[in-house]
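Let me begin by presenting the structure, written as C-alpha cells, before commenting on it.
Per chain, numbering begins at 1; letters A, B, ... match sequence-line order.
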2 protein chains.
Amino acid sequence: MQNLLFDFISKYVSLTEDEKNSITSLDIFRTIKKGTTLLKEGQKSNEGYFVLKGCIRTYYIIDGEEKTTAFYTEMEGLTPHCVINKAPSGYYISCVEDTILIVTNPDMEADSFNKFPKFESLCRVLSEELLAKQQINFDEFKTSSPEQRYLNLLQKRPDLIQRVPQHQLASYLGIKPQSLSRLRARIHEKSKR
Amino acid sequence: MQNLLFDFISKYVSLTEDEKNSITSLDIFRTIKKGTTLLKEGQKSNEGYFVLKGCIRTYYIIDGEEKTTAFYTEMEGLTPHCVINKAPSGYYISCVEDTILIVTNPDMEADSFNKFPKFESLCRVLSEELLAKQQINFDEFKTSSPEQRYLNLLQKRPDLIQRVPQHQLASYLGIKPQSLSRLRARIHEKSKR
DNA sequence: ATAACTCGTTCACTTAAGTTAAGAAATGAG
DNA sequence: CTCATTTCTTAACTTAAGTGAACGAGTTAT
C-alpha cells in the first residue's frame, strides 16, 4: 500500500531505505468507509489528508444546501484551511467512496522536516506546483461557461463524472443540479444533430 | 524600499543581518512602468514576481478578448505556471500601475535555499498558506452569484475597484463589462430604495 | 411489502447574464 | 487644443441559469 506513496514521491526525489522506514513507522495510513465525515464546519483540526485510493470532497452548507467545491482523488492531498490558520473550519470534508488516506499533523511534519530536510523541499515543490495548477484551474473556471466547464471536466477528469453523484458535480461546476441536467440534455441534443 | 520586504518576512521568520544583506546583494528590485508587459502568451520564462508596490495582472486573450484572471498587489507574489512546468505560458502578465517588483529565478532561489535553509521553510509556509487562501477564494467564487462576488470584492479588496479598469474587473468576476455595469446600476438602485 | 427518502430529470416561469449596437465620458497622442 | 482611442454606460433582444413543483426510479428503513 505504501508503494503507491513511494512511487509518487519518487517522481520528485529519491528516498533512502532509512527515509522510507521513517515514513512507514509513522503509522499514518487509514482506511475510511464511504460517507464518513472527516471534518465538520466549526470544528478545529490539525489533520492534513492525502488520498492513496478513493475520493474525498469538501463542501459547505449554505442556506441548508450542500455546495461541493472540491474533490480529491488518488495522489491528491489537502491541508484544510482551518489547520493553516488555526481557526474553526468553514467547510465539511467527507468520503465519497471507501478511501485509503494518509493522515498527517503539523507536529509530525515538523519532526520529519527536522530529521529529513529533503521532505520539506519536497513539500515546498509540491505545494508550489499545486498552487500554479490550482490557479490555471480557477482561470479556466472564470473564463468559461457552465457548459464549457462541464465539457472540460469530461476531458480532464472523466472518472469524476462516473464516481460522483450529479448534484455534487453541479455545485462543483458552480450551478444547480437542474441546470446540470438541462445542460447535459442540451449537449446530447446537439451531438445527435 | 527593501524595508517593505523585511517587514513582511518578519511576520514569518526573523532574519539575521547576514541574511538580510544576502537578499539585498542579490539586486532583485525592479521598477516597472505602467502598461509594461512582463510575460506574453507562448513565451517561456524563469521569472517569479513579488509586488512591493503597485499592481500587476495576469490575462488571457480568448477570441480576441482580454480575460483578466488575477491581480497581484502589495506583498503578493506569483510564480507563473510556465516557470513551474517549463512550458510556454498560457497567459500574459502586465503592470496595471507603475510597480516595484522583486524578480526571482529558480537558480537564484536554489542558491539561497542552500545557503539559508530558513528561506525554503519560509517559501513552503507561504505557499501552503497561499494555497489554502486561494482555495477559499475559489470556493467563494463557485458558491456565489456575480452580484455577490462583486459585493464580496467590495468588502475584501475595495482598493482594486478604485485602481483597476472596470472591464478588467469584469472578467476577474467572471462576467462581461456590460453585465458589471448593469449589476452596479442594479445594486445602486436597490440601495436607494 | 410498503412507506419514506434520495436522486435525477423534466417543465413552466422568472431572473440575470450574453450579445449587439450606439453613444457619452475620459484618456492619450500629436 | 483637437482628434482618435479607450472606457464605461445604456438599451433591446437572446440565451441560459435559477426557482418551484412534480414525477419516476432506485434505495433504505420499518
Side-chain angles (χ1 to χ4, degrees), chain A residues 33-37 57 59-68 94-98 141-154 160-190 192-193, chain B residues 33-37 55 57 59-68 71 92 94-98 141-154 160-193:
Chain A
K33 275 257 165 292
K34 173 176 173 173
T36 306
T37 299
R57 61 187 256 261
Y59 62 99
Y60 296 74
I61 296 186
I62 298 174
D63 298 331
E65 293 212 334
E66 270 189 23
K67 307 269 189 177
T68 299
S94 78
C95 293
V96 176
E97 307 169 344
D98 290 355
F141 193 95
K142 275 184 184 169
T143 56
S144 56
S145 66
E147 182 169 328
Q148 289 171 315
R149 296 198 290 255
Y150 176 76
L151 292 169
N152 194 247
L153 192 68
L154 213 51
L160 268 194
I161 291 164
Q162 300 308 317
R163 63 207 285 196
V164 157
Q166 297 287 322
H167 65 281
Q168 292 176 10
L169 272 183
S171 42
Y172 182 68
L173 293 169
I175 58 177
K176 300 282 146 128
Q178 298 93 315
S179 297
L180 179 54
S181 261
R182 176 169 42 197
L183 175 162
R184 283 159 56 100
R186 198 163 63 221
I187 289 170
H188 207 249
E189 204 47 44
K190 277 182 196 164
K192 254 193 292 181
R193 275 185 289 108
Chain B
K33 275 258 165 290
K34 172 176 176 174
T36 307
T37 299
C55 178
R57 61 188 255 260
Y59 62 99
Y60 296 75
I61 296 186
I62 299 174
D63 299 331
E65 293 213 334
E66 270 189 21
K67 307 267 189 179
T68 299
F71 297 100
Y92 297 76
S94 79
C95 292
V96 176
E97 306 169 345
D98 290 355
F141 193 95
K142 275 183 183 170
T143 57
S144 55
S145 67
E147 181 169 328
Q148 289 172 316
R149 296 199 290 254
Y150 176 76
L151 292 169
N152 194 245
L153 192 67
L154 213 52
L160 267 194
I161 289 164
Q162 302 307 318
R163 66 208 282 196
V164 157
Q166 299 288 321
H167 65 282
Q168 292 176 11
L169 271 183
S171 42
Y172 183 68
L173 293 169
I175 58 177
K176 301 282 147 131
Q178 298 94 317
S179 297
L180 179 54
S181 262
R182 175 169 43 195
L183 175 162
R184 283 161 57 102
R186 199 165 61 221
I187 290 170
H188 208 249
E189 204 46 44
K190 276 183 198 165
S191 70
K192 253 193 292 181
R193 276 184 289 107

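If you check dT19(D), dA17(C), dC8(D) against the side chain of I175(B), the one that comes closest is dA17(C). Distance from the side chain of R184(A) is smallest for dT9(C) among the nucleotides dT9(D), dT9(C), dA17(D). With distances taken from any side-chain atom of P165(B) to the nucleotides dA17(C), dA17(D), dC8(D), the minimum falls on dC8(D). For Q166(A), the side-chain atoms get nearest to dG8(C) when compared with the rest of dA17(D), dG18(C), dG8(C). For Q178(A), the listed nucleotide lying nearest its side chain is dT19(D); candidates were dT19(D), dT10(D), dG8(C). Residue K176(B) places its side chain closer to dT19(C) than to any other of dT19(C), dT9(D), dT19(D). Listed candidates were dT9(C), dA17(C), dG28(C). Nearest to the side chain of K34(B) is dG28(C).
A salt bridge does not link K33(A) with E97(A): every distance from a Lys NZ or Arg NE/NH1/NH2 to an Asp or Glu carboxylate oxygen is 4.0 Å or more.
Contact annotation: R186(A) reaches the phosphate of dA17(D) (side-chain N/O to OP1 or OP2, under 4.0 Å). Phosphate contact (OP1/OP2 of dG8(C), side-chain N/O of H167(A), threshold under 4.0 Å): present. The shortest distance between the side-chain N/O atoms of S179(A) and the OP1/OP2 oxygens of dA17(D) is not below 4.0 Å.
Here dT6(C) presents its C1' atom at 12 Å from CD of Q168(A), a figure rounded to the nearest Å. L173(A) places its CG atom 11 Å from the P atom of dA17(D), with the value rounded to the nearest Å. With rounding to whole Å, Q162(A) atom CD is found 12 Å from dG8(C) atom P. At whole-Å resolution of the value, CG in D63(B) and C1' in dT19(C) are 14 Å apart. Rounded to an integer number of Å, the gap from CZ of R182(A) to P of dA22(D) is 18 Å.
Seen from the ring of F141(B), R149(B) counts as a face-on cation partner, given the 6.0 Å and 45° thresholds.
Side-chain contact check for R57(A) and T68(A): at least one donor-acceptor pair (N or O, by modelled atom type) lies under 3.5 Å.
Checked by atom type and distance alone, the side chain of E65(A) never pairs as donor or acceptor with a backbone atom of I62(A) at under 3.5 Å.
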**Item:** E147(B) and I187(B): CA distance, side-chain angles, deciding distance, side chain to side chain contact (heavy atoms under 4.5 Å, CB included) verdict
**Value:** CA-CA 8 Å; E147(B) 181 169 328; I187(B) 290 170; 4.0 Å; yes
